[in-house]
Amino acid sequence: MAVSSLSIIEFFDAIPAAPIQYITHVNGVELCMLRADLNHPMIMGNKLYKLKYNLLQAAEPGCDGLVTFGGAFSNHLVAVAAAGDLFGFETWAFVRGDELVHKKLNPTLQFAKEHGMQLSFVTRAEYRNKASLLDVVDKKKYYVVPEGGTNALAVKGVGEMLHAACRDFDFIATAVGTGGTCAGLLAASDAHQKIIGVSVLKGATYLLEEMAQYASLDNLEFVQDYHFGGYGKFNKELIKFVQEFHSQHKVWLEPIYTGKMMYGVYEMLQESKFPSGSKVLVVHTGGLQVNQSIVYD
Ligand SMILES: *Cc1c(COP(=O)(O)O)cnc(C)c1O
């Protein structure tokens with residue numbers, strides 16, 4: 001059955017602008033948070049914006065499937081599975097790690113499966129060579145969403161996260177995974193605004209080249225000091241920070257993306273890296289519903 005692009009447009013039109021929440025003042029700097037995590041319980045945060053124009057593109061006659069890639073804890077897989085279920089796309093994911101075939105599915109993959117996603121577990125070597133994985137996929141039926149959802153259409157969607165009130169801020173900070181979100185903010189922000197991209201992975205300098213495909217990096221400050229050992233790695237100090245942040249501000253972060261970004265921004269505030277009198281907006285990119293179990297179980 002064909003997917004209706006009208007239902008996709010109606011869904012996105014009904015998503016309210018993300019509220020801006022006051023967090024604190026530190027050393028004369030005001031810190032607020034763009035609560036993009038409140039947009040949808042399952043297609044949460046930046047993943048929703050990244051998917052918007054890809055879903056519309058996918059809803060072409062003859063195409064009723066989405067195929068994508070991800071690791072076992074990928075928020076992107078959750079978002080694609082939920083979106084597919086909601087709009088009527090079949091979904092299929094190549095998952096990194098063939099050893100997972102023999103294991104009980106973790107909450108991320110269990111969620112994806114329950115929402116109808118077909119999971120194909122592949123070796124790390126196969127995963128690196130994504131083009132050949134797609135050899136078996138009928139490209140007329142399946143629209144290919146890249147790993148982490150990043151492409152030009154995703155960057156365009158992310159730009160819509162910034163509404164008029166966001167333009168009052170001098171700095172906008174986000175966690176950086178593949179760089180699509182950061183590029184979207186760079187492309188859509190005003191010339192007076194600086195984007196602080198906090199990498200959650202180690203050795204992320206290559207992402208500058210990726211982001212430069214989509215946006216000018218003139219207003220970017222790329223911060224690489226808060227990866228905590230690499231993607232998916234964290235320590236007790238970060239968990240403590242996330243828990244304290246929740247008890248003070250009643251906002252959950254997670255330790256993979258938003259926790260690292262917020263930890264970094266707090267340290268930068270304490271070290272007076274932002275000029276006194278300036279305003280900083282951090283983006284809550286979501287990522288909560290499954291990764292939360294890592295922290296609180
Ligand atoms: C995927 C994700 C990111 C990273 O976004 P990129 O566009 O890949 O850089 C940041 N935060 C959360 C919560 C995510 O799920």
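The first residue in the sequence is number 1, and the count goes up from there. Remember, it's 1-based here, ligands and their atoms both numbered in the order they're listed.
- With no hydrogens or angles considered, a side-chain donor-acceptor pair links Gln110 and Glu114 at under 3.5 Å.
- Proximity of Gly45 to ligand 1 is not established, as no heavy-atom distance is less than 4.0 Å.
- For ligand 1, the polar-atom distance check against Asn75 finds a nitrogen or oxygen pair separated by under 3.5 Å.
- One option in Lys47, Met44, Glu254 has a heavy atom closer to atom 1 (C) of ligand 1 than any other, and that option is Lys47.
- Gly179 counts as a contact of ligand 1, since one of its heavy atoms falls under 4.0 Å from the ligand.
- Comparing His76, Glu147, Lys50 against atom 6 (P) of ligand 1, the shortest heavy-atom distance belongs to Lys50.
- By the 6.0 Å and 45° rule, Lys279 stacks over the aromatic ring of Phe169.
- Checking only distances, Gly177 does come within under 3.5 Å of ligand 1, N or O to N or O.
- Glu90 and Tyr142 form a side-chain donor-acceptor contact under 3.5 Å, judged by distance and modelled atom types alone.
- Note that Lys233 lies outside the cation-pi zone of Tyr231, set by a 6.0 Å cut-off to the ring centre and a 45° limit from the axis.
- Residue contacts with ligand 1, taken as heavy atom pairs separated by less than 4.0 Å, involve Thr181 via backbone and side-chain atoms alike.
- Scanning the protein heavy atoms around atom 5 (O) of ligand 1, the nearest turns out to be Asn46 ND2, 3.0 Å.
- A side-chain N or O of Glu147 and one of Tyr127 form a donor-acceptor pair less than 3.5 Å apart.
- By the neighbour-count criterion of 12 heavy atoms within 6.0 Å, atom NZ of Lys139 is densely surrounded, having more than that number from other residues, nucleotides or ligands.
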